[in-house]
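Labels below follow one simple rule: chain letters A, B, ... track the order of the sequence lines, proteins then strands, and each chain is numbered from 1. If you're wondering where the values come from, they're calculated on a predicted model, not measured in any experiment. Atom set for the values below is all heavy atoms of this structure, side chains included, hydrogens, waters and symmetry mates excluded.
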Number of protein chains: 2
Amino acid sequence: MAMAYAALNTINEPAERRCNAAAGCVNCGARELSVCAAMPASDMSRVTSIVSHRRADAGETLLNEGDKATHFLNIVDGTVKVYKLLPDGRRQITGFLYPGDLLGLAFNDTYTSTVEALTPVKYCLFPRRQFERVVDEFRPMEKQLLARASNELVAAQEQMVMLGRKTAQEKIASFLMALIDRNRRVNKRSDSVVLTMTRADIADYLGLTTETVSRGFTRLKTEGWIELCAGGKVRVCDVEALSELAAGADR
Amino acid sequence: MAMAYAALNTINEPAERRCNAAAGCVNCGARELSVCAAMPASDMSRVTSIVSHRRADAGETLLNEGDKATHFLNIVDGTVKVYKLLPDGRRQITGFLYPGDLLGLAFNDTYTSTVEALTPVKYCLFPRRQFERVVDEFRPMEKQLLARASNELVAAQEQMVMLGRKTAQEKIASFLMALIDRNRRVNKRSDSVVLTMTRADIADYLGLTTETVSRGFTRLKTEGWIELCAGGKVRVCDVEALSELAAGADR
DNA sequence: CGACGGTTTGAGTCCGGTCAATTGTCGTGG
DNA sequence: CCACGACAATTGACCGGACTCAAACCGTCG
């Protein structure tokens, strides 16, 4: 019972915070399921019994849009991109997922997006039916799933504002700021980020072209707000300015 | 117990289908809460005891972005728009809500969007704390909320594709097709829709300007695919063509 | 070293935005 | 019933930001 309350308290916090706050976090501890911060050993063994640990190399596809949705999955290590395609090949990346992120909230009987590894990835695979049974039996998990879905909806709406109303430059600034904010939450250095994705990926995420993204970065560089280092590393010199641009103060 | 299963079966269906399928649907019956198709009288009285029925005229604001999130609400009659603003006034409408739609899945401690009535609106207001207690006590409701959130996430991703990768003409076609699909689900005439929102609203939903939306409509008209009638009514003559354009077969 | 994929840079085009004027619609009141 | 005003919708002319096409420039890895 006390356990249940511990889990309930974390409901409206982002995944990263939860992980750091709770010593018993399954993701950071056993690295299996990041949804429940405090799970009794009995339930945990149920989870352990249905999970299968997998790996994928960069470029490999984890899930295919349109396939029957048989599994939930949990990213343990690495980065993946989630995208949808139009019939003629135009692509929209709806999100990049990092360790601790869960995949499976946003589909019904078939997967509605394709998921592809950007880096070598470790992940956990849960047969959907069995996973749902565990959720049925351990109620705090359902609460957490709902809380996560709620958070993702908020993020999705933010993304819509970006796609629909921000300029190219603002989009790029928003993208960088989102990465910085994420770094802050997992307590890394906040003034530099590593881009594991290509310019084309960033473009497909921001609703732009590779060329425009590239031009955007060089412009931020010449204005002295960022530095482009080797290995896709970006050092942000003027977080303040970048943040203001990202917010969309004015055109 | 049998009740619980009845509710569980409807999990991955859209709200409209649920309403029509279940005779005891709270929304279509008592018009109070559309989340649970089959709720025991005892729980239902709990719901009834915390709800307050409200009305709003067109143009009135139901919720304000940034305000403390004290309530959930359920649209009973009319249409509302949900939007976010950038500091300089640019606006992105993230969705239009219709009877049966629920508001409250996508916010945490403060409202993340503003909600405004497009037509005179009837809605139900639930104090958040008490609402959550009811959810705690009637588990199928939590499952339904999760299912809804999941559906909304899928829709949000579809929206991102539209905003990021579709042309103006395709956006307009997608918008009309979405309205037609919705009409079909609630069993209305499928070949005509009524636009309760202005061109400016449509523009802010599609990430365009009023002028572009207007031009888009007239072009669809001159091509003979739609007819613009009085009272904001749009008759779709060639659903096939419109649907193909909306899907984004090619530019 | 050379090949290959990713990135940057350049020149030109076009889609959708901007600004401005006109037309249409609807509710109100004389 | 019609005239009027306010606001929405349409249409036109022009502009500009992002796209397209193309070439040059990397960095990495066999």
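Computed from coordinates, the B:Leu206 CG to C:dG16 C1' distance equals 13 Å when rounded to whole Å. Taking atom CG on A:Leu228 and atom P on D:dC25, their separation rounds to 19 Å, with Å as the unit. Taking atom CD of residue B:Glu211 and atom P of nucleotide D:dA8, one finds them 13 Å apart after rounding to whole Å. In this entry the distance linking NZ of B:Lys221 with P of D:dT10 reads 7 Å, nearest Å.
Judged by a 6.0 Å distance limit and a 45° cone about the ring axis, A:Arg55 is not positioned over the six-membered ring of A:Tyr123.
B:Thr167 comes within 4.0 angstrom of sugar-phosphate atoms only, judged by non-hydrogen atoms across all strands, and of no base. Residue B:Gly231 is in sugar-phosphate contact alone, with no base atom involved, counting any heavy-atom pair closer than 4.0 Å across all strands shown.
Looking only at side-chain heavy atoms (C-beta outward), A:Phe126 and A:His71 stay at 4.5 Å or farther from each other.
Of the side-chain N and O atoms in A:Arg215, none sit less than 4.0 angstrom from OP1 or OP2 of C:dT8. One finds a side-chain N or O of A:Thr212 lying less than 4.0 angstrom from the OP1 or OP2 phosphate oxygen of D:dC19. Note on B:Thr218: a side-chain N or O is less than 4.0 Å away from OP1 or OP2 of D:dT11.
Both B:Ser214 and A:Arg219 lie close to DNA chain D; mapped to their nearest nucleotides by heavy-atom distance, the more 5′-ward contact belongs to B:Ser214. Take the nearest nucleotide of DNA chain D for A:Ala230 and for A:Ala168: the residue whose nucleotide is more 5' is A:Ala168.
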